[in-house]
Amino acid sequence: MKSPFSNNALRPALTLFILLGVVLGGIYPAVVTGLAQAFFPRQANGSIIERGGVAVGSELIGQNFSGAGYFWGRPSASGEFPNNGMASGGSNLGPTNPALKQAAEERVKVLREAGGGPAVPIDLLTASGSGLDPHISPAAADYQVGRVARARGIGLELVRGLVGTYTEAPQWGFLGEARVNVLKLNLALDEVAPLPLAAK
């Protein structure tokens, strides 16, 4: 009986290993990267949003806004540093977990003390599956309109108009739900009614 490590068995295995390494580890990634850069360069490079030539964030990753004059996003589940792309993932806390209940109650308290009503939209209390979601629901945005308008000294209708402008329809009209990109909305607010540095 021949050993499985004989030259006759080893040579084709090594050849296949090297061939697959070159194709799947070199050629395929190079082709996909080239096509992405040629046809979807903005998306391939992270959908970065710039202001004055300076990158201020990605429209795909949430940011930790906490000032009264800004819309707040969903809680982050990325650990010690909110919205850390290197630690993406859900909290894995089930609906009956006491830690989830406590975190939600603390968030409700903060939102109400900041001027929100009693009925807090659920997406302002729970993290998304990735823990990095940059969007909130239109209801979550509307819940914060009063606080933002007061902090900026502008009218409710102006803020609601901006929320409407930055509300995105479901993808292709039927996938998912309507949503508001928090970073884009807050950047628009800063252009329309800038906050004093001390209030940010």
Kindly compute the distance separating CG (Leu185) from OG1 (Thr165), expressed to the nearest 0.5 Å.
9.0 Å
Which distance, rounded to the nearest 0.5 Å, do you find between the CG of Leu14 and the CD1 of Ile18?
6.0 Å
Is it the case that one hydrophobic cluster holds both [X] and [Y], taking links as side-chain heavy atoms less than 4.5 Å apart, direct or via other members?
X	Y	answer
Val32	Leu35	no
Leu60	Ile49	no
Val23	Leu20	yes
Val56	Ile61	no
Ile48	Leu183	no

Answer yes or no: is there a donor N or O on one side and an acceptor on the other, between the side chain of [X] and the main chain of [Y], under 3.5 Å?
X	Y	answer
Arg179	Glu177	yes
Arg147	Gly115	no
Asn45	Pro41	yes
Tyr166	Val182	no
Glu59	Lys184	no
Asn186	Phe71	yes
Trp72	Leu124	no

Where is the tightest heavy-atom contact between [X] and [Y], given as atom of each residue plus distance?
X	Y	result
Ser76	Gly131	OG-O, 3.2 Å
Ser58	Gly46	OG-O, 2.7 Å
Gly146	Leu156	CA-CD2, 3.7 Å
Val159	Ala149	CG2-CB, 3.9 Å
Tyr143	Gly117	OH-O, 2.5 Å
Thr167	Ala178	CG2-CB, 4.2 Å

SB check [X] [Y] (cutoff 4.0 Å):
X	Y	result
Asp190	Arg152	yes
Lys101	Glu106	no
Asp133	Arg74	yes

Do Gln144 and Ile136 pass the side chain to side chain contact (heavy atoms under 4.5 Å, CB included) test, and can you show the C-alpha distance, the side-chain angles, and the key distance before you say yes or no?
CA-CA 11 Å; Gln144 303 179 70; Ile136 55 177; 3.7 Å; yes
Test log, rule side chain to side chain contact (heavy atoms under 4.5 Å, CB included), inputs Tyr70 and Val148:
CA-CA 6 Å; Tyr70 288 101; Val148 172; 5.9 Å; no
Among Ser128, Pro134, Ser130, exactly one meets side chain to side chain contact (heavy atoms under 4.5 Å, CB included) together with Leu132. Which residue is that?
Ser130
